[in-house]
Amino acid sequence: MSDMGPADDSPLRSRTPSAWAASVLGEPIAFLNDHAHLEKKAAANALALLSRHPRSFDATEAATAWTTSMASIARDEAEHLQLVLRHLTRRGGRLSPMHANPYAAALHTRIRRGEEQLLDRLLVSALIEARSCERFELLGTVADDAELRALYRGLCASERGHFGVLTGLARRVDPDAMESRWAWFLDEEARVLAAQSRGPRMHSGA
């Protein structure tokens, strides 16, 4: 499996139509609020994984690569959160106290427990980054607002980088199971997304 490149090379099983982008951009405050919560959760997820490297990574080089990678992702996501909040408040909105992401919740129900859990967590995280990148790229093309267009284009590049890091770590965690499990998750992600309701959310249905 190769790292995710431009949209045409995306590993995702489905593509988001332009109509989705036009719809969510019509409710910018609600959409930015949802986006901010996702960045917050992504940062928390990376921090939670920071000290979860497998025993096989106890060698200094591997463990250092793991912690450095997770710390870097957490830092990036925290910076994205600050950036999105800036756009949200500039438009008169504010972060809501509660938030639900049924898309991510559904993917997390597919994570196995026990020794396989870490591989699945990495793959689910990579899937979310891949779908977010695909949608950021679309938003960066469709958005009329120059500031939002620049925001989404910049975030697309960052999410693509996170995708590569997470899948690379997953290969090191379990190289034998990586390919088959990744293919399974890609199929499941398409099903989960297709079942989502519509609305001003990053991972809403199209």
So, the side chain of [X] versus the backbone of [Y]: is there a donor-acceptor pair under 3.5 Å, distance only?
X    : Y    : value
T167 : F163 : yes
S72  : T68  : no
R91  : I29  : no
R149 : A143 : yes
S23  : A19  : no

Compare all side-chain heavy atoms of [X] with those of [Y] and state whether any distance is below 4.5 angstrom.
X    : Y    : value
R160 : S10  : no
R181 : D174 : no
F136 : M202 : yes
R75  : L47  : no
R172 : W66  : no
L49  : I73  : no
L138 : S18  : yes
L148 : H87  : yes

How long is the span from the [atom1] atom in [X] to the [atom2] atom in [Y], to the nearest 0.5 Å?
X    : Y    : atom1 : atom2 : value
I128 : C133 : CD1   : SG    : 14.0 Å
L193 : L107 : CG    : CG    : 9.0 Å
R110 : E188 : CZ    : CD    : 4.5 Å
L139 : W20  : CG    : CH2   : 4.5 Å
D34  : L95  : CG    : CG    : 10.5 Å
L83  : H80  : CG    : NE2   : 7.5 Å

Using a 6.0 Å cut-off, check whether atom [atom1] of [X] has over 12 heavy atoms from anything other than its own residue.
X    : atom1 : answer
R90  : CZ    : yes
D187 : CG    : yes
E79  : CD    : yes
Q117 : CD    : yes

Which atoms form the tightest heavy-atom contact between [X] and [Y], and what is the distance?
X    : Y    : result
A106 : V192 : CB-CG1, 3.7 Å
P28  : L25  : CD-O, 3.5 Å
A206 : R198 : O-NH2, 3.4 Å
L186 : R13  : O-CG, 3.3 Å
P200 : V24  : CA-CG1, 4.0 Å
R131 : S14  : NH2-OG, 2.9 Å

Side-chain donor-acceptor pairs under 3.5 Å in residues 36-46, sequence neighbours left out?
from: H37; atom 1: NE2; to: S96; atom 2: O; distance (Å): 2.9
from: H37; atom 1: NE2; to: S96; atom 2: OG; distance (Å): 3.0
from: E39; atom 1: OE2; to: H35; atom 2: NE2; distance (Å): 2.9
from: K41; atom 1: NZ; to: H99; atom 2: ND1; distance (Å): 2.9
from: N45; atom 1: OD1; to: R121; atom 2: NH2; distance (Å): 3.1
from: N45; atom 1: ND2; to: S125; atom 2: OG; distance (Å): 2.9

Hey, mind stepping through E77 and E129 against side-chain contact (heavy atoms from CB on, under 4.5 Å) and telling me if it holds? CA-CA 11 Å; E77 303 293 12; E129 297 285 349; 2.9 Å; yes
Among the clusters formed by ILVMFWY side chains lying less than 4.5 Å apart, do L119 and M70 turn up in the same one? yes
Is there a path from Y152 to L12 through hydrophobic residues (I, L, V, M, F, W, Y) whose side chains come within less than 4.5 Å of each other? no
Give me each pair satisfying ring-ring contact (aromatic ring centres under 6.0 Å, His included) with a member in residues 184-206, each pair once, sequence neighbours excluded. Y103-H203
Do R112 and D120 sit within salt-bridge range, that is, some charged N less than 4.0 Å from a carboxylate O? yes
Between E134 and R15, does any side-chain N to carboxylate O distance fall below 4.0 Å? yes
